[in-house]
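Reviewing the structure listed below.
As the structure lists them, so they are numbered: ligands from 1, and atoms in each ligand from 1.
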Amino acid sequence: MAIVIVVAAIGLATRGDDAPPAKAAADPVIPTVTAAASDIANQLGPRDQELVGIGAKGVSIHRAGGRRKVVALTFDDGPGKDTASILSILKQNDVPATFFVVGQEVQANPGMVAQEIAQGNQVGIHTWDHADMTKLSPAKQQQEIVDTQNAIINDSGVASRLFRAPYGAVSPSVIAAAEKNKLLSVLWEGDTNDWQRPDANTIVQRVLSQVSPGTIILMHDGGGDRANTVAALPTIIKELKKQGYGFATVGDLVVSDPPTSSDMSVDGKGVSE
Ligand SMILES: [Zn+2]
């Protein structure tokens, strides 16, 4: 907790470097990535540059191009009490996934993001407190993203390059906020609605009935009891492998199989929920 307070104070202190326009001056605090974290947040590797390049088109993607029989498993709202079980299953099956984490849960579960990344998974930003970003001012949108980026960097030493809006609620201003922070906005195509806690077999069947090459599949490792998702995951992986599918993080999937114009949108349209 002490670290976070220090981080917030540094963010406040460095804000003056970026002279805001007169109108924005009335906003509370526009956080910046902390001095210590900013180098990391601004360092873009080759894959990062490609992801950010796609995001720079002002769009959200909801799937990859479909040229390769590869899918991306994604887990939102963690880390939480079921995250370790999900990581263990992924490791046993040598499958990578992408975790869209909530900043306050990163803070409450230290070491989990570091473990996710160390295991070969990718981590994305899912706001600090699961906010509907479309209802927030630009300053608050910025704070949701930067505070979560800081929490991820503090935990793992690695910056995120992905953003997923809670509820899939995006607008041009939300996408612009992600873009400003060098993040690609990622939605999904295959939705299991596992957060409603259907039984494990139903979750498996929803994945298998919606999957196609390039699908980004939405599940949850936090936000409530995810025992049924944990129970479904080994079968999901086994059945997809049996059908010849490979698995990649969202970043690797998108870079190796770029989305076409019909795989992205400016307002989330086209996302099946
Ligand atoms: Zn969520």
remark   = Which of V101, L184, I216 passes side chain to side chain contact (heavy atoms under 4.5 Å, CB included) with R164? It is I216

message = Pairing donors with acceptors under 3.5 angstrom, does anything connect the side chains of T202 and D199?
response = yes

Heavy-atom pair with the smallest gap, counting every atom of L162 and L183 = N-CD2, 3.9 Å

ask   = Have Q92 and S88 got a donor and an acceptor in their side chains that come within less than 3.5 Å?
value = yes

task = Measure from the side-chain N and O atoms of N121 to the backbone N and O of T98, and report whether any donor-acceptor pair falls under 3.5 Å.
result = no

inquiry  = I want to know whether Y167 and H130 have ring centres closer than 6.0 Å.
reply    = yes

query = Tell me, which protein N/O/S atoms are under 2.8 Å away from the Zn ion (ligand 1)?
reply = D77 OD1, H126 NE2, H130 NE2

